[in-house]
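Only one structure is covered here, and it is reproduced in the block below.
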Number of protein chains: 2
Amino acid sequence: MNIGEAAKASGVSAKMIRYYETTGLIPKAERRDSGYRDYSPADVHNLRFIRRARDMGFAVAEINELLGLWRDRSRHSADVKRIASAHVEQLSARIAAMEEMRSTLQTLIGCCAGDDRPDCPILADLEEPGVAVRPDAQARLRERAITNRRG
Amino acid sequence: MNIGEAAKASGVSAKMIRYYETTGLIPKAERRDSGYRDYSPADVHNLRFIRRARDMGFAVAEINELLGLWRDRSRHSADVKRIASAHVEQLSARIAAMEEMRSTLQTLIGCCAGDDRPDCPILADLEEPGVAVRPDAQARLRERAITNRRG
DNA sequence: ATGGGGCTTGCCATCATGGCAAGGTCAAGG
DNA sequence: CCTTGACCTTGCCATGATGGCAAGCCCCAT
């Protein structure tokens, strides 16, 4: 199986398959006389595992650990669970940070006329945080944003 | 004002101030005879705007647009609002993608004993999606989105 | 005048991915 | 058999925002 076929079958691009090989995430592929890499169904199975883990947001270093545990028949599921839990924590932290950004921006957007006049609470807040929108107005707007998405 | 003082006053690291200068986000700083960059309070004001916009997750290219509108006294607030709204959309998309990852992982984690035995639904799902857990969680992950960028 | 801290530039690294280019290989059809 | 087009190879460059390191110069206080 050529790298292009393996790519289609696994969902991992040929470019990334080569990259994973150079970084040691996957073993070096067999080569044919032509120099072409040759992949077995087992290799594709491996790649699909990687692809799936990437889809869940795991970093390559974490996937390396997961692959090790996957291969280790005497693994402890606690180790897998610990990696996954740490990743969930990381996801939660990033989600929270982005939600805070979004909330702030939605408040400001809700205060912006969005017409052809120059006055803009969004710019005003970037210039001097908290001056353009008083906290109580912010709180009201946040409530509306949550309960009624068209404020 | 030296770059270090400007950095402290603005919250932007000296390194990033130089970077913003090379990329043209901010104009080239005045230089003293020694070659040291010299910053005015207005420069710091500029940098704080940038810092704040970064805190809200705007990319540097977007901040460039925002700075242009900030300086333009004949701007239309609609243009600012459009940029901010687009960014909120982007944040929402990333948040949704990460929430789906988290949801899937939490389901799997909830099915994992987390002990010293090797059986692990997390690995099982990475190997063969949807076999270890209910099918509805599987359907969600099929949608794959761009998720790894910082907000 | 000396020492320590700040400034300069420049280069490297991150992380996962895409793109481009020059050249070799394979398979199908004339 | 030869051409053609699709595919493979390696290698280098770019991304985006940030940190680190290093060699060398500058400034101020003792």
Side-chain angles (χ1 to χ4, degrees), chain A residues 1-26 28-39 43 47 49-67 87 90-91 94 97-98 101, chain B residues 1-26 28-39 43 47 49-67 87 90-91 94 97-98 101 144-151:
Chain A
M1 198 179 215
N2 279 348
I3 196 171
E5 298 167 296
K8 268 177 209 149
S10 67
V12 179
S13 74
K15 192 86 191 210
M16 291 312 299
I17 295 176
R18 294 191 199 101
Y19 170 73
Y20 292 150
E21 183 180 312
T22 65
T23 59
L25 184 67
I26 57 177
K28 289 188 179 174
E30 297 291 307
R31 299 293 186 122
R32 294 210 288 265
D33 289 348
S34 63
Y36 282 22
R37 288 174 181 81
D38 196 10
Y39 294 93
D43 294 328
L47 286 168
F49 182 101
I50 292 169
R51 173 61 201 246
R52 173 96 177 142
R54 288 291 299 136
D55 285 347
M56 289 197 198
F58 286 103
V60 168
E62 292 166 326
I63 296 175
N64 213 350
E65 294 187 71
L66 290 173
L67 281 170
H87 183 51
Q90 205 183 30
L91 284 172
R94 294 202 291 177
M98 289 200 277
M101 293 174 188
Chain B
M1 194 176 214
N2 279 348
I3 196 171
E5 297 167 295
K8 267 178 208 148
S10 66
V12 180
S13 74
K15 191 87 193 210
M16 289 314 296
I17 295 176
R18 295 191 199 101
Y19 171 71
Y20 293 150
E21 184 180 310
T22 64
T23 60
L25 184 67
I26 57 178
K28 289 188 179 175
E30 298 290 308
R31 298 295 185 122
R32 295 212 288 266
D33 290 349
S34 62
Y36 281 23
R37 289 175 181 81
D38 196 10
Y39 294 93
D43 294 328
L47 287 168
F49 182 101
I50 293 168
R51 172 58 200 251
R52 174 98 176 135
R54 286 293 298 136
D55 285 347
M56 290 196 197
F58 287 104
V60 168
E62 292 165 328
I63 296 176
N64 214 349
E65 293 187 71
L66 291 172
L67 282 170
H87 184 50
Q90 206 181 31
L91 283 172
R94 292 192 192 138
M98 287 201 279
M101 292 176 187
R144 36 194 54 143
I146 301 152
T147 58
N148 266 352
R149 285 215 40 188
R150 313 181 347 166

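All chains are named by letter (A, B, ...) in the order of the sequence lines, taking the proteins before the strands, and each is independently numbered beginning at 1. In this text, all values refer to a predicted model and were calculated from it rather than measured experimentally.
Between the side chain of D38(B) and the backbone N or O of M1(B), at least one donor-acceptor pair lies under 3.5 Å.
The phosphate of dA16(C) (OP1 or OP2) has no side-chain N or O of Y20(A) nearer than 4.0 angstrom. Taking only side-chain nitrogens and oxygens, R51(A) never comes nearer than 4.0 Å to OP1 or OP2 of dT17(C). Remark: N2(B) is not in phosphate contact with dG6(C), judged by side-chain N or O atoms under 4.0 Å from OP1 or OP2. For S34(B) and dC27(D), the shortest distance from a side-chain N or O to OP1 or OP2 is below 4.0 Å.
The side chain of M16(A) lies closest to dG18(C) when the candidates are dT8(C), dG18(C), dA17(D). Which of dG18(C), dT17(C), dT8(C) sits closest to the side chain of Y19(A) comes down to dT17(C). Of the candidate nucleotides dA16(C), dT8(C), dC8(D), dC8(D) has the atom nearest to the side chain of I3(A). Looking at the side chain of R37(A), the nearest of the listed nucleotides dA17(D), dA16(C), dT10(D) is dT10(D).
Two residues are said to be in side-chain contact when any heavy atoms from C-beta on lie closer than 4.5 Å; D43(B) and I26(B) fail this criterion. With contacts defined as side-chain heavy-atom distances shorter than 4.5 Å, the pair H87(A)/L91(A) qualifies. Here the side chains of R37(A) and E30(A) are not in contact, with every heavy-atom distance at 4.5 Å or above.
Within the 4.0 angstrom heavy-atom criterion, no nucleotide atom of any strand lies near R32(B). Residue R18(B) is in base contact, counting any heavy-atom pair closer than 4.0 Å across all strands shown. Within the nucleic acid shown, A59(A) comes within 4.0 Å of sugar-phosphate atoms alone, with no base atom in reach, counting heavy atoms only.
Checked by distance alone, Y36(A) brings a side-chain donor or acceptor within 3.5 Å of a matching partner on the base of dG24(C).
The nearest pair of heavy atoms linking S10(B) to L47(B) is CB-CB, 3.5 Å.
Nucleotides of DNA chain C nearest to D33(A) and S13(A) differ in position, and the one nearer the 5' end is that of S13(A). Nearer the 5' end of DNA chain C, as judged by each residue's closest nucleotide, is the contact made by G4(B), out of G35(A) and G4(B).
Rounded to whole Å, the distance from CZ on R54(B) to P on dG16(D) is 11 Å. The CD1 atom of I50(A) sits 12 Å away from the P atom of dA16(C) (whole-angstrom rounding). When rounded to the nearest whole Å, the span between CD1 of I63(A) and C1' of dA16(C) equals 10 Å. Separating the CD atom of E5(B) from the P atom of dC27(D) is a distance of 13 Å, rounded to the nearest angstrom. Between F58(A) atom CZ and dA16(C) atom C1' the separation is 17 Å, expressed in whole Å. One atom, CZ of R31(A), and another, P of dG24(C), lie 16 Å apart when rounded to the nearest Å. Atoms CD (E21(A)) and P (dG11(D)) sit 12 Å apart, rounded to a whole Å. The distance between atom CD of Q90(A) and atom C1' of dC15(C), rounded to the nearest whole Å, is 13 Å.
For R18(B), the salt bridge (Lys or Arg N to Asp or Glu O under 4.0 Å) test picks out no residue, with sequence neighbours left out.
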